[in-house]
Amino acid sequence: MTISSDYDYLIVGGGAAGLSLAYHISQEPHLVSKRVLLIEPEAKDQNDRTWSFWADEPMLFDGIVAHEWNAIAFRSPQFERVFPLTRHRYKMIRGLDYYQFVRAALAKAPQFTCLRGTVTTLQSTAAGVTTETSEGAFTARYAFDSRPPQFTKRPDNHRYLLQHFVGWEVETTQPVFDPETMEFMDFRGEQQREARFMYVLPFSERRALVEYTLFSAEVLPKAEYEQAMRDYLAGLGVTDFRIAAEEVGAIPMTDHPLPATAGLHIINLGTRAGRAKPSTGYAFKRIQAHSARLVQALATTGQPPADPTGDRWQFHLFDTLLLDIMQRQGQQTREIFTEMFQRNSPERMFDFLDEKTSWKENFQVMNSVTPWPFLRSIWHVLRGRPGQRKEGA
């Protein structure tokens with residue numbers, strides 16, 4: 001196969017964001033003549049992760065949803081409830097299913113060239129971009145870069161946390177799970193001055209993905225996550241189980257600026273463009289919306305949109321305030337989410353986290369929580385200095 005050195009679009013990275021944009025391009029008739037080069041360093045032939053999200057309308061990848069739930073549970077020492085979902089459904093896609101589905105679609109699209117390789121340099125020029133890779137040099141009109149962001153931390157100006165977790169897909173000998181209800185947040189365990197909860201996706205009465213998740217600055221020794229999951233399963237009465245698969249992850253949660261572009265012809269994707277929501281780590285649906293926005297503009301104007309993400313500033317502020325609270329007193333996160341779920345429907349909460357709520361609805365959500373922690377964080381934002389944890393606080 002002869003590989004061209006010049007393309008219309010260069011996509012750097014074939015993970016969630018790069019493949020999402022590639023698939024959206026492949027489904028747009030107005031872009032069928034555009035030559036696209038996708039460069040990814042890994043084979044992507046393993047089920048290395050899962051993506052979960054809620055949705056209230058059909059999506060392009062509904063055909064590969066592995067499971068969906070029509071109810072969610074929230075649990076804390078002060079409040080527990082199972083919420084039936086009316087408008088939304090909570091869904092999960094396995095990474096390998098996603099990789100295979102998109103690659104099969106791209107294989108049928110002659111406009112795409114997919115290479116295994118590593119990008120070493122990527123530069124914007126007056127006419128487009130140039131890149132040096134392990135497979136040679138290429139040029140393109142536009143590049144879409146989904147590599148992990150690289151930046152120098154500025155803790156005096158911004159907040160830096162992780163959503164980190166270890167998860168087991170377990171098979172039990174006893175029927176202990178409800179396959180219709182996912183455990184959205186179970187905060188009943190010790191918080192240890194951080195935000196710590198169990199997150200459970202049950203696939204049947206005897207099989208589930210059980211994850212111990214934390215919002216904090218540092219990861220734990222792996223044995224601590226594993227012990228928390230063993231304790232949780234023991235609390236359900238599970239005395240015998242098999243670990244069928246394991247997940248380990250750490251998602252950056254920060255209000256550090258992550259620009260949507262890196263030059264006139266380089267558009268950032270995925271976490272590099274801030275598509276992982278800073279206060280929750282959810283990214284999959286935000287990536288899909290970003291891809292759709294980019295492709296619509298390319299199809300109608302031939303150029304990316306002037307505002308590539310369409311983000312609204314007030315939601316960035318809400319994220320920053322919650323990050324500030326997590327950084328100062330992470331254990332307060334449990335009380336904040338408890339109040340939110342006590343006083344709001346899950347549908348409103350999902351819309352709020354999707355950044356689709358109106359000013360009135362935003363006020364209703366923010367008015368449902370104790371104001372003092374947020375007022376302190378507003379003060380930190382106004383003075384331009386993140387709040388810091390005090391020893392013993």
(request) Taking the side chain as every heavy atom from C-beta outward, state whether R75 and R188 have any pair of such atoms under 4.5 Å apart. (result) yes

(request) Taking atom types as modelled, find out whether Q332 and E335 have a side-chain donor-acceptor pair closer than 3.5 angstrom. (result) no

(message) If the condition is side-chain contact (heavy atoms from CB on, under 4.5 Å), which residues does T338 pass it with, not counting sequence neighbours?
(response) F74, S76, Q78, F79, R334, Q342

(request) Indicate if L294 and L31 have the same hydrophobic cluster label, given that clusters are the connected sets of ILVMFWY residues with side-chain heavy-atom separations under 4.5 angstrom. (result) yes

(message) For a quick test of reading the model, state the closest non-hydrogen atom pair linking P386 to R159 and the distance between them.
(response) CA-NH2, 3.5 Å

(request) Could you go through the side-chain contact (heavy atoms from CB on, under 4.5 Å) check for T113 and L37 one step at a time? (result) CA-CA 5 Å; T113 300; L37 173 64; 3.9 Å; yes

(message) Restricting to non-hydrogen atoms, name the atom on N268 and the atom on A273 that form the minimum distance, rounded to 0.1 Å.
(response) O-CB, 3.4 Å

(request) Using atom types as modelled and distance alone, determine if a side-chain donor or acceptor of D186 lies under 3.5 Å from a backbone N or O of M198. (result) no

(message) Under 4.0 Å between a side-chain nitrogen and a carboxylate oxygen: does that hold for E361 and R348?
(response) no

(message) Less than 4.5 Å apart, side chain to side chain, heavy atoms only: is that true for D351 and R87?
(response) yes

(request) Enter the distance from W313:CH2 to T320:OG1 here, rounded to the nearest 0.5 Å. (result) 11.5 Å

(message) Would you say CD of Q174 has more than 12 non-hydrogen atoms from neighbouring residues, nucleotides or ligands within 6.0 angstrom?
(response) yes

(request) Return the minimal non-hydrogen interatomic distance between P179 and W69, and the atom names on each side. (result) O-CD1, 3.1 Å

(request) Could you pull out the closest heavy-atom pair between R196 and Y212, with the gap in Å? (result) CD-OH, 3.2 Å

(message) Run N362 and Q314 through side-chain contact (heavy atoms from CB on, under 4.5 Å) and show every step you take.
(response) CA-CA 9 Å; N362 292 342; Q314 61 266 40; 4.2 Å; yes

(request) Apply salt bridge (charged side-chain N to carboxylate O under 4.0 Å, His left out) to K222 and E246, showing your working. (result) CA-CA 12 Å; K222 192 177 180 186; E246 181 181 81; 2.8 Å; yes

(request) Answer with yes or no after comparing the ring centroid distance for F101 and Y23 against a 6.0 Å cut-off, counting only values under it. (result) yes

(message) Would you say Y99 and N47 are linked by a side-chain donor-acceptor pair, where the criterion is simply a distance under 3.5 Å?
(response) no

(request) In plain terms, say whether D354 and R286 are close enough for a salt bridge, that is, a side-chain N and a carboxylate O under 4.0 Å apart. (result) no

(message) Does R103 form a side-chain contact (heavy atoms from CB on, under 4.5 Å) with K44? I'd like the steps, not just the answer.
(response) CA-CA 10 Å; R103 284 205 299 260; K44 295 294 184 186; 3.3 Å; yes

(request) Using a strict cut-off of less than 4.0 Å between a Lys/Arg side-chain nitrogen and an Asp/Glu carboxylate oxygen, indicate whether D324 and R376 qualify as a salt bridge. (result) no

(message) Any side-chain to backbone donor/acceptor pair from Q163 onto T280? Under 3.5 Å, distance only.
(response) yes

(message) Are F165 and I251 packed together at the side-chain level, in the sense that at least one heavy-atom pair is separated by less than 4.5 angstrom?
(response) yes

(request) Find out if a path of hydrophobic residues (ILVMFWY) with successive side-chain heavy-atom gaps under 4.5 Å connects I266 to V36. (result) no

(message) Just so I know, are the side chains of L38 and L115 near enough to count as touching, which here means a heavy-atom distance under 4.5 Å?
(response) no

(request) Please check if the side chain of Q191 supplies one atom and the backbone of Q331 the other of a donor-acceptor pair under 3.5 Å. (result) no

(message) Check whether Q327 reaches the backbone of G387 with its side chain - one donor and one acceptor, N or O, closer than 3.5 Å.
(response) yes

(message) Using a 3.5 Å distance criterion without hydrogens, assess whether the side chain of N70 forms a donor-acceptor pair with backbone atoms of L85.
(response) no

(message) Nearest 0.5 Å, please: how far is CD in Q192 from CG in L214?
(response) 8.5 Å

(message) I'd like to know if V365 and F318 are part of one continuous hydrophobic network [Ile/Leu/Val/Met/Phe/Trp/Tyr, side-chain heavy atoms within less than 4.5 Å].
(response) yes

(message) Angle between ring planes, F350 versus Y90, binned at 30° and 60°: parallel, tilted or perpendicular?
(response) tilted

(request) Run the salt-bridge test on R89 and D56 with the 4.0 Å N-O cut-off and return the result as yes or no. (result) no

(message) Is the distance between the ring centroids of F177 and F203 under 6.0 Å?
(response) no

(message) Quiz question: by atom type and distance under 3.5 Å, do the side chains of E339 and T370 form a donor-acceptor pair?
(response) yes

(request) Let me see the working for D6 and R141 under salt bridge (charged side-chain N to carboxylate O under 4.0 Å, His left out), right down to the final yes or no. (result) CA-CA 9 Å; D6 184 60; R141 306 292 80 70; 2.9 Å; yes

(message) Quick check against the 3.5 Å criterion: does S20 have a side-chain atom that pairs as donor or acceptor with the backbone of S291?
(response) no

(request) Answer yes or no: is there a side-chain heavy-atom contact under 4.5 Å between H164 and S216? (result) yes

(message) Donor-acceptor pair, distance only, cut-off 3.5 Å: does the side chain of R275 make one with the backbone of Q288?
(response) no

(message) Between Q123 and T130 (side chain of the first, backbone of the second, donor and acceptor by atom type, cut-off under 3.5 Å), is there such a pair?
(response) no

(message) Hydrophobic clustering (ILVMFWY, side-chain heavy atoms < 4.5 Å, transitive) - are M349 and L323 grouped together?
(response) yes

(message) Using modelled atom types and a 3.5 Å cut-off, is there a donor and acceptor pairing between side-chain atoms of T271 and backbone atoms of P148?
(response) no

(request) Determine whether R154 and Y160 make a side-chain contact, defined as any pair of heavy atoms from C-beta on separated by less than 4.5 Å. (result) yes

(request) Could you pull out the closest heavy-atom pair between T125 and V129, with the gap in Å? (result) OG1-N, 3.9 Å

(request) Determine which pairs satisfy ring pair (Phe, Tyr, Trp, His ring centres under 6.0 Å) with at least one residue from residues 260-294, sequence neighbours left out, and list them in order. (result) W51-F284, F53-F284, W54-Y282, Y98-F284, Y142-H265

(request) Check R312 against T357 and note the closest heavy-atom contact, atom names and distance. (result) NH2-O, 3.0 Å

(request) Check whether any side-chain N or O of D62 sits under 3.5 Å from a backbone N or O of M59 as a donor-acceptor pair, and report yes or no. (result) yes

(message) Quick check: do P278 and M253 have side-chain heavy atoms less than 4.5 Å from each other?
(response) no

(request) Would you indicate whether F363, at its atom CZ, is surrounded by more than 12 heavy atoms from other residues, nucleotides or ligands within a distance under 6.0 Å? (result) no

(request) For the residue pair I64 and F61, establish whether any side-chain heavy-atom pair is separated by less than 4.5 Å. (result) yes

(request) Taking salt bridge (Lys or Arg N to Asp or Glu O under 4.0 Å) as the test, write out the residues that go with R272, two or more places apart. (result) D145

(message) Can you tell me if R385 has over 12 outside heavy atoms packed within less than 6.0 Å of its CZ?
(response) no

(request) Determine, for E28 against K34, whether the closest basic-nitrogen to carboxylate-oxygen distance falls under 4.0 angstrom. (result) no

(request) Is it possible for you to say whether V210 and L220 belong to one hydrophobic cluster, with membership spreading through side-chain heavy-atom contacts below 4.5 Å? (result) yes

(message) Nearest 0.5 Å, please: how far is OG1 in T213 from OH in Y199?
(response) 8.0 Å

(request) Starting at CD1 of I39, measure out to OG of S134 and round the result to the nearest 0.5 Å. (result) 7.5 Å

(request) Taking only Lys NZ, Arg NE, NH1 and NH2, and the carboxylate oxygens of Asp or Glu, determine whether K277 and D311 approach each other closer than 4.0 Å. (result) no

(request) Starting from the C-alpha separation in whole Å, work towards a yes-or-no answer on side-chain contact (heavy atoms from CB on, under 4.5 Å) for R35 and S4. (result) CA-CA 10 Å; R35 294 162 303 136; S4 170; 4.0 Å; yes

(request) Quick one: do F197 and F215 satisfy ring pair (Phe, Tyr, Trp, His ring centres under 6.0 Å)? Show the steps, please. (result) CA-CA 9 Å; F197 60 93; F215 297 159; 5.6 Å; yes

